[in-house]
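Quick caveat: nothing in here was measured; it's all calculated off a predicted structure.
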Amino acid sequence: MLTTLMKLIDFYNKLILISYQQLNRYKDIQKTEEVYKVNQSKELIIAEKIIELDLKRDELFEELMLLLGSKAYELLRTVQNH
C-alpha cells in the first residue's frame with residue numbers, strides 16, 4: 001500500500017513539474033508575441049514616417065521645380081554631393 005502511495009505521489013510530482021514547464025513555455029511564447037507586437041508597432045511607425053518624408057520630399061521638389069525648372073535636378077544633385 002505504501003509503495004502504491006509513493007508511486008502516486010511521484011506521478012503527481014511529475015505532473016506538477018510538467019505542468020510548470022508547460023506554463024513557463026506558454027509565458028515565454030506570450031512574451032515573444034508581446035515583443036513582436038511592440039516591434040511591429042515600431043516598424044509601422046517607421047514606415048509611416050518614411051511615407052510622410054517621401055510625400056514631403058515630393059512636395060518640396062515640386063516647389064523647387066517651379067522655381068528652377070529643369071535646373072532643379074542639377075541643383076539637387078550638386079547639393080546632395082557636397
Side-chain angles (χ1 to χ4, degrees):
M1 179 82 168
L2 187 61
T3 307
T4 305
L5 183 60
M6 294 292 286
K7 286 181 180 179
L8 281 172
I9 290 171
D10 185 50
F11 178 74
Y12 178 73
N13 284 336
K14 287 179 182 177
L15 279 177
I16 290 173
L17 179 62
I18 290 169
S19 297
Y20 180 74
Q21 289 170 341
Q22 288 177 338
L23 179 62
N24 282 337
R25 285 188 192 125
Y26 177 73
K27 286 180 180 177
D28 288 343
I29 290 170
Q30 280 184 321
K31 287 178 187 174
T32 301
E33 288 175 348
E34 288 172 9
V35 167
Y36 176 74
K37 286 178 184 175
V38 167
N39 286 340
Q40 191 177 29
S41 295
K42 286 181 182 177
E43 291 165 357
L44 289 174
I45 290 169
I46 291 170
E48 288 172 349
K49 285 182 180 180
I50 289 170
I51 291 168
E52 287 174 19
L53 288 170
D54 192 41
L55 292 172
K56 186 64 177 176
R57 180 211 178 274
D58 290 347
E59 179 185 317
L60 291 171
F61 189 71
E62 284 179 23
E63 189 176 335
L64 188 61
M65 286 287 292
L66 289 173
L67 293 171
L68 297 176
S70 61
K71 292 185 180 188
Y73 292 106
E74 186 180 327
L75 177 63
L76 185 63
R77 296 296 167 229
T78 302
V79 172
Q80 190 175 30
N81 290 329
H82 280 84

Quiz prompt | Sequence neighbours excluded, every pair satisfying ring-ring contact (aromatic ring centres under 6.0 Å, His included) that has a member inside residues 49-78 | solution = Phe61-Tyr73

Practice problem: Treat each ILVMFWY residue as a node, draw an edge where side-chain heavy atoms are under 4.5 Å apart, and state whether Leu66 and Leu75 are in one component. | Solution: no

Self-check item: Partners meeting side chain to side chain contact (heavy atoms under 4.5 Å, CB included) with Glu48 (sequence neighbours left out)
Solution: none

Quiz item: Between NZ of Lys49 and CG of Leu44, what distance do you get to the nearest 0.5 Å?
Solution: 12.5 Å

Self-check item: With sequence neighbours excluded, residues passing side-chain hydrogen bond (donor to acceptor under 3.5 Å, both in side chains) with Lys56
Solution: Glu59

Self-check item: Any pair counted as salt bridge (Lys or Arg N to Asp or Glu O under 4.0 Å), so long as it reaches residues 68-82, sequence neighbours left out
Solution: none

Self-check item: Nearest-0.5 Å distance, CG of residue Leu76 to CG of residue Asn81
Solution: 9.5 Å

Practice problem: Would you kindly confirm whether Leu60 and Leu67 end up in one hydrophobic cluster when ILVMFWY residues are joined by side chain heavy atoms under 4.5 Å apart? | Solution: no

Quiz prompt | Whichever hydrophobic residues join Ile51 through chains of side-chain contacts under 4.5 Å | solution = Leu55

